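Every chain is numbered from 1 and lettered A, B, ... according to where its sequence line falls, protein lines coming before strand lines. A quick note: this is a predicted structure, and the numbers were derived from the prediction, not measured.
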Protein chains: 2
Amino acid sequence: MTTTRGTEGYPAFRRKISNHQDEFLREVFERHHAVIRIKKEAVVLRKLQIIFDTTLELSNQHGFQATSVRDLSVATGISMGSLYSYIESKDRLLSMIQSYGQVVVNRTLRIPEHLTVPLERLRHLLRTHVYITEILQPWFYFSYMESRHFDPDARERAIAGELRTERLISELLQEGISQGAYRVENPELTAALIKPLLQEWYLKRWKYRRRRITVDDYADGMIAFVESAVGGR
Amino acid sequence: MTTTRGTEGYPAFRRKISNHQDEFLREVFERHHAVIRIKKEAVVLRKLQIIFDTTLELSNQHGFQATSVRDLSVATGISMGSLYSYIESKDRLLSMIQSYGQVVVNRTLRIPEHLTVPLERLRHLLRTHVYITEILQPWFYFSYMESRHFDPDARERAIAGELRTERLISELLQEGISQGAYRVENPELTAALIKPLLQEWYLKRWKYRRRRITVDDYADGMIAFVESAVGGR
DNA sequence: GTCTATATTCGGATAGAC
DNA sequence: GTCTATCCGAATATAGAC
């Protein structure tokens, strides 16, 4: 069976990202430096990691509003007082988590320049998107479900991120059309229809896990579906 | 431009549904009869309508948890005390709203028996789904975003509803395949990929409104996309 | 049936000892 | 840097007059 996986596949991608984990956290630390009362970087990074992970876990079960800072304190094993010297407020915690994901996405979701054929560029975008949302599944789910509670600024950025991906897809489709690789009537609507196929992966993660469909299974199937829909073999 | 709309289109569908509005509310009233302290049916139906609509509106802006019963009282113009003689508790309100949508969906989402060709049956299912989620957009959005807060029972039913649609799609695909109308490798995965295209309509409603894409525009485009993906003409 | 006033619980946030 | 104890506002829910 032929795939469109390129040379690497998911495991390699994952390894590459996890090497940079600390850099991402450090950038978040710097951004919110002013309100974090603890000074030792190493301590902060370790704690932020725990706090973020636990918040995502609890929130994705019960919702962010329904998750009390007390719950968080118990689940992390960090006392209320300590916790507040890292997060300042529950609102700030929300915004810290939001920046965390954005930092990771901004640094990793790039189409490499050596890919020039639109068809390959689109494939790469779709596959990488699935990969990155696999690694950051809790964050993407959280960001999707809680974006209503973001402050206007953060919300703005979340929506902007959404639309950027969609526009990128739309552009790649149009390039492909003008080169005769795709047959599509309405590239904007088509791009809008492809987007939820990317989101599906992190929104219904549990369903695919239960059905034993792996990241690469999904990426392969989804890409085949899309390419068939846009008439690109 | 050819469409697959059949004879009717959305406006006719809408008219048909709104004639039954009161029946739907009455069924909800009956289901929760025991906990509603007001006895006159006409009064109850009128109030429930207002309470449900307002709750959906407020919740879809700020989330259900973040919406206080006080907010609801102010927005509906019904005092706290009165309100509680209709809803019993905030949890019960959640469950009443959930049943409301389920009643409507159960009574309207049926494939007519005069359609026998799988290809037409699938088309009808997709289009009707878009139509019904257009009418009940606030409810579907609510149900999707708040399902984490449902009690285990209600949650069960929500998931069951989800899977039923998906299985139905999958079955129609398989019929189509065995009749040579579609070319699909993996009907289950394909059905799973079609599902989010239906959900897209009520989850990103604002986006399509801004772009002046109507219900029928969306249904047409989405159906064309799907049929192209599954190799059906 | 509807209202106002109030009891009670809970959750965010802080003070200050260690 | 971390903890315990506590404050205070907000939200659910009810009592009881009209």
Side-chain angles (χ1 to χ4, degrees), chain A residues 25-26 29 32-52 54-55 57-59 61-97 146 148-151, chain B residues 25 29 32-52 54-55 58-59 61-97 146 148-151:
Chain A
L25 284 169
R26 193 169 301 122
F29 180 28
H32 298 267
H33 199 262
V35 300
I36 297 179
R37 287 204 297 270
I38 312 298
K39 293 304 157 204
K40 283 186 181 162
E41 189 183 83
V43 179
V44 175
L45 298 196
R46 208 180 61 235
K47 289 286 168 64
L48 284 187
Q49 179 86 76
I50 295 169
I51 295 170
F52 291 174
T54 310
T55 306
E57 192 181 324
L58 295 181
S59 294
Q61 280 177 63
H62 314 110
F64 183 72
Q65 310 255 356
T67 304
S68 72
V69 181
R70 269 185 169 75
D71 297 338
L72 189 58
S73 162
V74 172
T76 54
I78 303 171
S79 69
M80 290 289 284
S82 261
L83 209 44
Y84 269 94
S85 57
Y86 290 96
I87 67 174
E88 191 206 28
S89 73
K90 207 185 169 190
D91 277 358
R92 173 66 66 161
L93 171 59
L94 190 67
S95 119
M96 286 167 76
I97 289 183
E146 307 294 346
R148 286 177 293 177
H149 308 306
F150 293 174
D151 63 87
Chain B
L25 283 169
F29 179 29
H32 298 267
H33 200 262
V35 300
I36 296 179
R37 288 203 297 269
I38 312 298
K39 292 304 157 205
K40 283 186 180 162
E41 189 182 84
V43 179
V44 174
L45 299 194
R46 208 180 61 236
K47 288 284 168 64
L48 284 186
Q49 178 87 76
I50 295 169
I51 294 171
F52 292 174
T54 311
T55 305
L58 294 181
S59 294
Q61 280 176 64
H62 314 110
F64 183 72
Q65 309 255 357
T67 304
S68 73
V69 181
R70 264 187 171 74
D71 295 340
L72 188 58
S73 162
V74 172
T76 54
I78 302 171
S79 70
M80 291 288 285
S82 262
L83 209 43
Y84 269 94
S85 56
Y86 290 96
I87 66 173
E88 192 206 28
S89 73
K90 206 185 169 190
D91 276 357
R92 172 69 65 162
L93 171 60
L94 191 66
S95 118
M96 286 166 76
I97 289 183
E146 307 294 346
R148 287 178 292 179
H149 309 305
F150 292 174
D151 62 87

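- The environment of B/Lys39 atom NZ is dense: over 12 non-hydrogen atoms of other residues, nucleotides or ligands sit within 6.0 angstrom.
- Remark: B/Ser68 engages B/Asp71 in a side chain to side chain donor-acceptor pair (under 3.5 Å) (not counting sequence neighbours).
- Following rounding to the nearest Å, B/Leu83 (CG) and C/dT2 (P) show an atom-to-atom distance of 11 Å.
- A side chain to side chain contact (heavy atoms under 4.5 Å, CB included) with A/Ile36 is found for exactly one of A/Arg92, A/Glu88, A/Lys47, A/Met96, namely A/Met96.
- With D/dC3, D/dT2, C/dT2 as the choices, the nucleotide that has an atom nearest any side-chain atom of A/Ile78 turns out to be D/dC3.
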*Under 4.0 Å protein heavy-atom contact, by nucleotide of nucleotides 12-18 of chain D - B base, S sugar-phosphate only*: BBB----
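- What separates CG of A/Leu93 from C1' of C/dG12 is a distance of 12 Å, to the nearest Å.
- A/Thr54 places no side-chain N or O within donor-acceptor distance of the main-chain N or O of A/Ile51, the cut-off being under 3.5 Å.
- If you check residues 39-48 of chain A against DNA chain D, the residues with a heavy atom closer than 4.0 Å are A/Lys39, A/Lys40, A/Lys47, listed by number.
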*Derivation and outcome, side chain to side chain contact (heavy atoms under 4.5 Å, CB included), residues A/Leu72 and A/Leu93*: CA-CA 11 Å; A/Leu72 189 58; A/Leu93 171 59; 3.8 Å; yes
*Apply the test side chain to side chain contact (heavy atoms under 4.5 Å, CB included) to residues B/Val43 and B/Tyr86: give CA-CA distance (whole Å), side-chain angles for both, the deciding distance (0.1 Å), then the verdict.*
CA-CA 10 Å; B/Val43 179; B/Tyr86 290 96; 3.4 Å; yes
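- Residues B/Lys90 and B/Glu146 are not paired through a salt bridge, judged by the lack of any N-O separation under 4.0 Å between the basic side chain and the carboxylate.
- When the side-chain nitrogen and oxygen atoms of B/Tyr86 are compared with OP1 and OP2 of C/dT2, one or more of them lie within a distance under 4.0 Å.
- In this structure, the CD1 atom of B/Ile87 is 14 Å from the P atom of C/dT2, given to the nearest Å.
- The backbone N or O of A/Ser59 sits less than 3.5 Å from a side-chain atom of B/Arg148, completing a donor-acceptor pair.
- Neither OP1 nor OP2 of D/dG1 sits under 4.0 Å from any side-chain N or O of A/Ser82.
- Proximity of A/Ser79 to the phosphate of D/dT2: no side-chain N or O atom is located under 4.0 Å from OP1 or OP2.
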